[in-house]
Amino acid sequence: MSGFSFTLSATDGRARSGVIRTPRGEIRTPAFMPVGTAGTVKAMLPESVRATGADILLGNTYHLMLRPGAERIARLGGLHRFMNWSRPILTDSGGFQVMSLSELRKLTEEGVTFSSHVDGSRHFLSPETSMEIQRLLGSDIVMAFDECPALPATHERQAEAMRLSMRWAQRSRDAFGDRPGHALFGIMQGGVERDLREESAAALRRIGFDGYAIGGLAVGEGQEAMLSVLDYATHLLPAEQPRYLMGVGKPDDIVGAVQRGVDMMDCVLPSRSGRTGQAWTRRGQINIKNARHADDPRPLDETCTCPACTGYSRAYLHHVFRAGEMISGMLLTWHNLHYYQQIMQQMREAIAAGTLEDWVAGFHAERAGGDI
Ligand SMILES: Nc1nc2cc3nc(NCCc4ccc(CCO)cc4)[nH]c3cc2c(=O)[nH]1
Ligand SMILES: [Zn+2]
């Protein structure tokens, strides 16, 4: 695929560091993607998202097709222009969000009909319509249209959903066509069932994609089960293409995934939890609304160089959260995204230096158990 390429620059155990090159810019891997669901990373300006160190952000087909509409965004110049973010954008394909957000859903071989959670209007998503919507949005990395079953799911149900998703992966590939400079990623399904994961990986490799996502995780199975799937699942995917773990996660989830050969991740956690007063730091989590911060003159983290930590005390952050001031969500979101990008940068450097194991030991040693 001209215009889109992945170059591995170092490995350390199963971990890899490298660069994904796209016409809209480079993505340093391992990479964390902030989530910009409805055309905005909530409480952040695009230039602030860039200042945290993000090379790419994620948008959602489901949300943008319902409001303001993919055709409208296309008429206005595409999602990059619309949201004033000129670097790469990856868009999720909509199936996962339909199943978790919409009402009155009907799932058939053809696709999914559903009612919008915004205004109740009826919509249809299929591999073909999802590819068209992501083309209208102009996203650089397009996700295949898949079905991620809700847990708990029997082996049989997981097999059924995975095989449907593999038929949809072929249809996604066929509908995507040949789009130089744009990439299509397949999505592995199969729950926590090794045989199904192996079948899914083989099916995706036969179809052929520019990158491979591991779907069907971070859906309530818990960290231990997720990591045990990753223990074998990344080996099933081509080493020379990016591996994207969807929806992950807490900082220690991310570290565990990178150690197991994952190259890209996304999660709403740093932004969503930032808006609720949860700060993630190298020493653990801080719930800034807790009364014990009311008189604390110290920053969240005295070693952090983000605007929240260089400009404000815990006492101030506690106050503006208690007062419901908008700056509260802005500052904590910025800090959390900055912290997430910092651990990605430190892991990229550690992998390049062959010292990831030591870095991970230090990462865990620094983290207290609960709230700090
Ligand atoms: N197309 C597609 N998209 C996905 C998105 C996902 N996102 C997740 N997990 C996100 C879980 C998640 C949700 C909310 C919060 C913050 C509040 O707790 C954190 C994590 N798993 C996912 C799986 C898939 C998947 O198979 N296919
Ligand atoms: Zn900070």
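In listed order, ligands and their atoms are each counted from 1.
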Closest non-hydrogen protein atom to [atom], residue and atom name please, with distance?
atom	result
atom 27 (N) of ligand 1	D146 OD2, 2.8 Å
atom 1 (N) of ligand 1	D92 OD1, 2.8 Å
atom 12 (C) of ligand 1	G247 O, 4.5 Å
atom 21 (N) of ligand 1	L217 O, 2.8 Å
atom 4 (C) of ligand 1	F96 CG, 3.5 Å
atom 15 (C) of ligand 1	V268 CG2, 3.4 Å
atom 18 (O) of ligand 1	L269 CD1, 4.4 Å

Is a side-chain donor-acceptor pair under 3.5 Å present for [Y] with [X]?
X	Y	value
H155	D195	yes
H117	Y62	yes
Q134	S130	yes
H235	R14	yes
H80	D140	yes
Q341	Q345	no

*Minimal non-hydrogen separation, F321 against G329, with atom names*: CZ-N, 4.1 Å
Please list, in number order, the atoms of ligand 1 under 4.0 Å from a heavy atom of [X].
X	result
S93	1 (N)
G215	25 (C), 26 (O)
C148	25 (C), 26 (O)
I187	1 (N)

*ligand 1-proximal atoms of V248, by part, heavy-atom distance under 4.0 Å*: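 No part of V248 is near ligand 1 at this cut-off.
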*Have a look at ligand 1 and work out which part of M143, if any, has a heavy atom under 4.0 Å from it: side chain, backbone, both or neither.*
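Under 4.0 Å from ligand 1, M143 contributes no heavy atoms.
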*Quick one: give me the number of protein N/O/S atoms under 2.8 Å from the Zn ion (ligand 2).*
4
Euclidean distance, [Y] [atom2] relative to [X] [atom1], rounded to 0.5 Å:
X	Y	atom1	atom2	result
M264	M33	CE	CE	4.0 Å
E221	L151	CD	CG	6.5 Å
L356	R348	CG	CZ	13.0 Å
L64	L137	CG	CG	5.5 Å

*Would L337 and M330 show up in the same hydrophobic cluster when neighbours are defined by side-chain heavy atoms closer than 4.5 Å?*
no
*Just go through S273, A161, C267 and tell me whose heavy atom is the nearest to atom 19 (C) of ligand 1.*
C267
*Should one rank G94, G249, G216 by closest heavy-atom distance to atom 26 (O) of ligand 1, which comes out on top?*
G216
_Please report whether ligand 1 has a polar contact with A218, defined as an N or O pair separated by less than 3.5 Å (distance criterion only)._
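Yes: some nitrogen or oxygen of A218 is under 3.5 Å from one in ligand 1.
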*Backbone or side chain, does any N or O of Q97 fall under 3.5 Å from an N or O of ligand 1?*
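Such a contact does not occur with ligand 1.
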*Strictly under 4.0 Å, does any heavy atom of M246 approach an atom of ligand 1?*
yes
*Determine, using heavy atoms of D266 and all atoms of ligand 1, whether some pair is separated by less than 4.0 Å.*
no
*R194 to Y232, cation-pi by 6.0 Å centre distance and 45° axis angle*: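 Cation-pi check for R194 and Y232: passes.
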*Any salt bridge (charged side-chain N to carboxylate O under 4.0 Å, His left out) involving residues 69-92? Give me the pairs, sequence neighbours left out, ordered by first then second residue.*
none
*Apply the side-chain contact (heavy atoms from CB on, under 4.5 Å) test between I288 and each candidate in R322, R314, Q278, H335; give the one that qualifies.*
R314
